[in-house]
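Read through the structure below, which is laid out as structure tokens, and then see the notes.
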Amino acid sequence: MSALEQILAELDEMQREAVTAPDGPIMVFAGAGSGKTKVLTYRIAYLLLVRRIPPHRIFAATFTNKAAEEMRQRLEALVGKAIDAMWLGTFHAACARMLRQHGQVIGLPSDFVIYDEDDQRSLIKAIFKELNIDPDRFSITAIQAAISDAKTEMVSPEELLEIAETPFQQVVARVYRRYQEALRQAKAVDFDDLLLLALKMLKENQQVSDYYQTRFLHVLVDEYQDVNKPQHELTLLLSAKNRNLFVIGDDDQNIYSWRGSDVRLMLELPKRFPDLQIFTLERNYRS
């Protein structure tokens with residue numbers, strides 16, 4: 001049995017059409033239980049085994065370490081160690097990797113430290129003390145969440161200072177500005193910065209942008225209904241040259257809206273790509 005026959009034998013008709021679709025932008029609507037991750041992994045296997053795309057030219061992203069590990073295990077069963085040369089993982093891990101390699105072009109040292117939530121909270125607590133902000137009046141946790149929200153909406157400290165109206169918003173803006181200064185002084189970034197700085201690097205440095213846009217012949221994203229604005233822009237930037245974008249998601253299931261994801265970003269893709277190929281997986285294999 002050929003590699004193609006082996007792949008097709010595992011899929012139903014609509015899954016097969018999505019997996020073997022010709023190059024170009026592709027969006028797959030897939031409800032719960034319809035085989036989202038299966039279709040994405042088989043699409044990658046099809047590209048590797050049938051189309052003979054070199055694995056280092058494939059970028060595949062998802063949202064959690066758990067989902068990335070599941071994708072990795074499924075792919076390894078299909079294509080073996082070829083996955084080691086792929087860029088496969090979370091958006092944050094991919095951005096950290098890009099910044100380690102090329103972040104110097106925007107002034108970020110390659111040995112930068114990544115602050116987790118506890119580190120961020122400790123820093124904000126110190127800033128509260130420095131700026132004489134009463135933690136009984138303004139919650140450190142709420143300020144931390146508001147700064148993250150601003151970054152997800154791609155609002156800078158200076159922009160936030162201009163639009164702040166309420167006392168809470170004004171405190172957020174002041175802390176946010178000092179927080180970014182303190183991160184720079186510590187050669188540190190937080191998780192939101194990984195996305196924003198990678199985006200800044202790609203937008204501001206044409207050489208680095210050309211490198212990644214040329215390298216990634218195919219860009220694939222799982223659970224696209226859960227992307228936020230920076231992740232959406234990164235996806236579009238990385239796929240801009242070759243236009244081989246493959247996204248799959250469920251527009252009825254938007255579980256990360258609390259962290260800035262917006263299903264409308266998925267639904268706007270047909271406007272962005274007039275030649276977008278759209279597939280809908282309707283069979284539920286969990287029922």
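Both backbone and side-chain heavy atoms feed into the values below; hydrogens, waters and symmetry mates do not.
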If you group Ile, Leu, Val, Met, Phe, Trp and Tyr by side-chain heavy-atom gaps below 4.5 Å, do [X] and [Y] land in one group?
X      : Y      : answer
Val113 : Ile106 : no
Leu267 : Val221 : yes
Phe191 : Val227 : yes
Ile7   : Leu220 : yes
Val155 : Val175 : yes

Listed by chain and number, what are the salt bridge (charged side-chain N to carboxylate O under 4.0 Å, His left out) partners of Asp136, not counting sequence neighbours?
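Expected list: none.
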Those residues that, when tested against Glu69, pass salt bridge (charged side-chain N to carboxylate O under 4.0 Å, His left out) (two or more places apart):
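With sequence neighbours excluded, Glu69 shows a salt bridge (charged side-chain N to carboxylate O under 4.0 Å, His left out) to no residue whatsoever.
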Would you compute the distance between atom [atom1] of [X] and atom [atom2] of [Y] and round it to the nearest 0.5 angstrom?
X      : Y      : atom1 : atom2 : result
Phe138 : Arg174 : CZ    : CZ    : 9.0 Å
Asn244 : Asn242 : CG    : CG    : 6.0 Å
Leu199 : Leu194 : CG    : CG    : 12.5 Å
Leu202 : Met98  : CG    : CE    : 6.0 Å
Leu217 : Ile58  : CG    : CD1   : 8.0 Å
His92  : Asp192 : NE2   : CG    : 6.0 Å

Does Asp193 form a salt bridge (charged side-chain N to carboxylate O under 4.0 Å, His left out) with Lys151? I'd like the steps, not just the answer.
CA-CA 8 Å; Asp193 286 335; Lys151 290 187 177 187; 2.9 Å; yes
Please check this pair: side chain of [X] against backbone of [Y], looking for a donor-acceptor N/O pair closer than 3.5 Å.
X      : Y      : answer
Gln144 : Gln120 : no
Arg178 : Ile127 : no
Gln277 : Ala21  : no
Gln213 : Leu237 : yes

Mind listing the closest non-hydrogen atom pair of [X] and [Y] along with its distance?
X      : Y      : answer
Ala186 : Tyr115 : CB-OH, 3.6 Å
Arg215 : Ala85  : NH2-O, 4.4 Å
Leu281 : Val39  : CD1-CG2, 3.6 Å
Pro270 : Ile278 : CG-CD1, 4.2 Å
Gln231 : Asp226 : OE1-O, 3.9 Å
Ala182 : Leu123 : CB-CD1, 3.7 Å

Any side-chain heavy atom of [X] within less than 4.5 Å of one from [Y]?
X      : Y      : answer
Leu183 : Gln180 : yes
Val219 : Phe246 : no
Phe59  : His218 : no
Ser209 : Lys203 : no
Ile26  : Ile248 : no
His56  : Met86  : no
Leu160 : Gln169 : no
Met154 : Pro230 : yes

Chi angles and distances behind the side-chain contact (heavy atoms from CB on, under 4.5 Å) call for Leu108, Val189
CA-CA 9 Å; Leu108 185 68; Val189 301; 3.9 Å; yes
Distance-only side-chain donor-acceptor flag, [X] / [Y], under 3.5 Å:
X      : Y      : result
Glu268 : His232 : yes
Glu13  : Gln15  : no
Lys241 : Thr214 : yes
Tyr211 : His102 : no
Asp250 : Tyr224 : no

Pair [X] + [Y], salt bridge at N-O below 4.0 Å:
X      : Y      : answer
Asp23  : Arg243 : no
Asp111 : Arg100 : no
Glu158 : Arg177 : no
Arg74  : Glu70  : yes

As a quick check of understanding, evaluate side-chain contact (heavy atoms from CB on, under 4.5 Å) for Leu47 and Arg43, giving each step before the final call.
CA-CA 6 Å; Leu47 293 173; Arg43 172 67 174 180; 4.3 Å; yes
Indicate the ring-plane relationship of Phe63 and Phe91, choosing parallel, tilted or perpendicular according to the 30° and 60° boundaries.
tilted
Row check, Tyr42 ring normal vs Lys38 NZ/CZ: under 6.0 Å, within 45°
yes
Before you tell me yes or no, could you show the steps for Leu49 and Val79 under side-chain contact (heavy atoms from CB on, under 4.5 Å), namely the whole-Å CA-CA distance, both residues' side-chain angles and the distance that decides it to 0.1 Å?
CA-CA 7 Å; Leu49 300 177; Val79 303; 4.0 Å; yes
Under 6.0 Å between the ring centres of Phe29 and Phe279?
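When the ring centroids of Phe29 and Phe279 are compared, they turn out to be at least 6.0 Å apart.
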Is there a side-chain contact (heavy atoms from CB on, under 4.5 Å) between Val247 and Leu245 once you walk through the steps?
CA-CA 6 Å; Val247 306; Leu245 175 63; 3.7 Å; yes
Do other residues, nucleotides or ligands put more than 12 heavy atoms under 6.0 Å from Arg264 CZ?
no
